[in-house]
2 protein chains.
Amino acid sequence: MQAGSSSSPKVTTLADVARLAGVSIATASKALNGRSQVREETRQRVFSAADQLQFSPNVLARHLLSGRSGTIGLVTHDLEGRFSIPTLMGAEDAMGTGRMSVLLCDARGDALRERHHVQALLGRRVDGLMIVGARPDPRSSLGRDLPVPVVYAYAPSEDPEDASVVTDNVAAGRIGAEHMVACGRERIAVITGDPTYGAAQDRVTGAQAALRDAGLDILGGSALFGAWSEEWGRSATAMVLGQHRDVDAIICGSDQIARGALDTLRERGLDVPGDVAVLGHDNWEVLATNARPTLTSIDMNLETLGRRAARRLFDAIEGHPTAGVEAVQSRLVPRGSTAPKA
Amino acid sequence: MQAGSSSSPKVTTLADVARLAGVSIATASKALNGRSQVREETRQRVFSAADQLQFSPNVLARHLLSGRSGTIGLVTHDLEGRFSIPTLMGAEDAMGTGRMSVLLCDARGDALRERHHVQALLGRRVDGLMIVGARPDPRSSLGRDLPVPVVYAYAPSEDPEDASVVTDNVAAGRIGAEHMVACGRERIAVITGDPTYGAAQDRVTGAQAALRDAGLDILGGSALFGAWSEEWGRSATAMVLGQHRDVDAIICGSDQIARGALDTLRERGLDVPGDVAVLGHDNWEVLATNARPTLTSIDMNLETLGRRAARRLFDAIEGHPTAGVEAVQSRLVPRGSTAPKA
DNA sequence: GCAGATTACGAAACGGTTTTCGGAAAACCT
DNA sequence: AGGTTTTCCGAAAACCGTTTCGTAATCTGC
């Protein structure tokens with residue numbers, strides 16, 4: 001039987017430790033916290049008593065004095081999705097080292113649920129809030145009159161005075177296009193997803209800028225927008241091949257689209273990267289490493305984003321708030337689908 | 001600028017509400033909690049004051065009397081992985097309705113880190129613990145002498161007296177094989193992943209049992225073990241076709257393997273599901289729905305698993321602990337890759 | 001005007017830690 | 001030995017905001 005609520009061993013408190021060590025509570029506290037007014041021998045006795053009882057101090061009681069709870073509230077909008085998880089991991093990582101804990105809530109993209117969760121978290125006296133969006137488009141602010149600092153991650157707040165950490169999608173698009181240019185490609189098509197996503201637009205903008213810097217333009221003059229699916233990648237690639245037989249590179253707005261592109265190219269008997277180089281976005285490992293050939297992709301460094309957001313939140317809690325949007329740079333992860341042109 | 005810790009509006013307390021409503025703290029408390037000893041007119045005044053101040057009661061202080069914190073600790077071992085997230089979602093879902101909150105920690109498969117997190121969570125006086133594993137194989141118990149109930153999800157505890165909730169992989173394997181049999185398939189190959197995974201073995205066991213019930217056996221006499229990758233799916237399928245040209249169904253241990261199988265079959269000019277039916281496991285949407293044809297798969301109902309685990313944890317917290325392993329059934333999600341044989 | 005019901009209030013309790021401050025014991029000096 | 005300093009330890013207050021208990025005040029009906 002699981003340790004039930006009745007027969008369960010009690011939680012050990014500082015009083016238990018003090019009793020076992022034969023000292024007062026005050027002395028035990030001072031010994032464990034490295035205060036100086038304790039004899040070394042006594043300190044050792046307290047420490048061994050604490051070890052023996054597996055004592056872990058009651059954080060709530062400790063923070064009673066300081067007025068802080070030592071927890072932050074994390075509201076995510078996309079727990080099942082792919083993008084919030086690495087962000088969450090980075091944040092969790094940044095907590096782990098200190099003695100902050102994370103209260104997790106999933107608002108599922110619903111503003112009402114979000115408000116409800118924020119209220120509940122404030123009721124638990126969190127020291128700060130981190131709001132992780134589902135997609136990179138700006139979102140409405142929670143307002144400036146909250147009693148604790150807030151940091152928005154992935155999806156920035158519309159209010160520029162709020163603190164936001166996002167990915168730099170324009171730069172990401174630029175990185176991809178520059179890589180293609182560096183590989184000696186000159187007839188570069190761009191296939192991307194849902195045009196209502198700011199990220200889709202931004203990546204195209206960045207790619208286009210880089211191509212123009214190299215004296216080129218997107219093949220056909222503009223990017224092909226569609227959906228974030230392999231099917232769209234397949235059909236869009238077929239379209240590109242129909243209009244431009246001599247395409248030598250395809251930049252895709254996501255790894256899914258890139259997988260579709262690779263399939264169509266292989267079925268048409270074209271060699272990747274020999275004839276056509278293919279680049280994805282998001283660096284979704286399971287898609288990129290299983291592709292034939294393995295897929296070069298742009299990684300958004302979401303863990304870094306999460307860590308940065310957490311750090312900014314800590315700073316704000318410590319009394320050093322910062323305003324504005326901070327962008328985290330992406331990085332190229334080269335694999336088999338891109339190579340210098342023979 | 002983000003509301004800093006100094007200039008921020010104070011958190012409103014019950015005392016603020018009482019002052020604004022012109023009543024005592026005691027009366028305000030009773031009014032908000034629906035106690036009877038309050039005049040209706042007074043109650044309304046308190047409510048409107050609470051609304052006006054956006055009052056949310058301090059949960060920690062409230063639980064001071066009851067001795068409970070209203071939080072549970074959730075330790076996951078696989079935050080970046082695919083399996084713990086739906087479990088976590090189910091658990092979070094079950095919390096949401098009540099007024100429990102979740103403290104999240106990621107132990108990353110490290111036992112030491114796990115102990116550390118458990119200690120930290122106990123220090124926060126969580127009412128219970130939920131341990132979510134990374135893979136379905138049994139794991140060592142945290143022990144029976146913890147001061148709060150524990151439920152193990154996805155990965156069961158080795159101690160049968162602990163409370164565990166897992167997927168029934170034998171039954172899952174059976175469901176898949178029965179589906180193939182129901183489709184009139186008789187020459188059924190099984191390709192699966194890493195043989196050190198209990199789940200891989202169990203699914204094969206279940207499939208084999210179902211086939212024997214139908215008077216059949218796995219094509220070639222035994223399943224092919226390898227890796228959880230598309231590449232293995234491709235090469236293993238090639239192997240199967242080399243030895244058994246007349247195979248009419250392939251059961252794959254994961255959707256990744258199934259994707260590989262589909263690729264090889266298409267390249268050999270075989271029709272799916274006309275010539276060969278293909279079945280995956282895990283129902284990984286992004287893989288299953290983007291496949292050609294879309295992939296029939298077995299869903300482990302992980303959200304249900306998470307909800308069940310949460311429910312059992314609540315029950316234990318309420319004083320009704322249950323021991324032993326509970327299995328959650330999987331379900332078939334039919335898509336385009338399986339169909340009755342013509 | 002009085003019993004009984006209703007409504008409101010002051011104060012205690014809840015929890016475990018940190019911290020302050022006073023005092024005891026030991027060490028040191030003359 | 002006596003005085004002074006240093007070292008070490010313990011009793012008790014403080015911290016938070018809520019709930020609840022006992023009691024007082026007000027109202028209702030006869």
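As a basis for the values below, the full set of heavy atoms in this structure was taken, side chains included, without hydrogen atoms, waters or symmetry mates. Here the structure is a predicted model, which is why all the values come from computation and not from measurement. Chain naming here is simple, since letters A, B, ... match the order of the sequence lines and numbering starts at 1 in each.
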State which residues pass side chain to side chain contact (heavy atoms under 4.5 Å, CB included) with A:Gln52; sequence neighbours excluded, sorted by chain then number.
-> A:Leu20
Side chain to side chain donor-acceptor pair (under 3.5 Å) partners for A:Ser101, two or more places apart | B:Arg124
For B:Glu303, all residues meeting side chain to side chain donor-acceptor pair (under 3.5 Å), sequence neighbours excluded = none
Rounded to 10°, the helix from C:dG1-D:dC30 to C:dT30-D:dA1 deviates from straight, judged by its five-pair end axes, by 40°
Pairs: protein N or O with nucleotides 5-7 of chain C N or O, under 3.5 Å:
none

To the nearest Å, give me how far apart CZ (A:Arg35) and P (C:dT20) are.
-> 9 Å
Looking at A:Asp110 and A:Arg108, does any basic side-chain N land under 4.0 Å from a carboxylate oxygen?
-> no
Taken to the nearest whole Å, CG/B:Leu64 to P/C:dG16 is 9 Å
Are any of the side-chain nitrogens in B:Arg308 or B:Glu326 under 4.0 Å away from the carboxylate oxygens of its partner?
-> yes
Within residues 23-31 of chain A, find the residues that approach DNA chain D with a heavy atom at under 4.0 Å, and present them sorted by residue number.
-> A:Val23, A:Ser24, A:Ala26, A:Thr27, A:Lys30
Sequence neighbours excluded, the answer for side chain to side chain donor-acceptor pair (under 3.5 Å) partners of B:Arg39 is none
Nucleotide range of DNA chain D lying under 4.0 Å from chain B heavy atoms = D:dG17 to D:dT20
What residues form a side chain to side chain donor-acceptor pair (under 3.5 Å) with A:Glu158, not counting sequence neighbours?
-> none
Looking only at heavy atoms, the pair that brings B:Gly34 and B:Arg43 closest together is CA-NH1, 3.4 Å
Has the side chain of B:Ser84 got a donor or acceptor atom that lies under 3.5 Å from a matching backbone atom of B:Ala134?
-> no
Distance-only side-chain donor-acceptor flag, B:Thr322 / B:Arg312, under 3.5 Å | yes
So salt bridge (charged side-chain N to carboxylate O under 4.0 Å, His left out) across residues 8-25 of chain A, not counting sequence neighbours, yields A:Asp16-A:Arg19
May I have the distance from A:Asn58 (atom CG) to C:dT17 (atom C1'), rounded to whole angstrom?
-> 8 Å
Rounded to whole angstroms, how far apart are NE2 on B:His63 and P on C:dG16?
-> 16 Å
Whole Å only: how far is the CG atom of A:Leu32 from the P atom of C:dT19?
-> 13 Å
Any salt bridge (charged side-chain N to carboxylate O under 4.0 Å, His left out) involving residues 112-122 of chain A? Give me the pairs, sequence neighbours left out, ordered by first then second residue.
-> A:Glu114-A:Arg139
Contact list for residues 54-98 of chain A, test ring pair (Phe, Tyr, Trp, His ring centres under 6.0 Å), sequence neighbours left out = A:Phe83-A:Tyr154
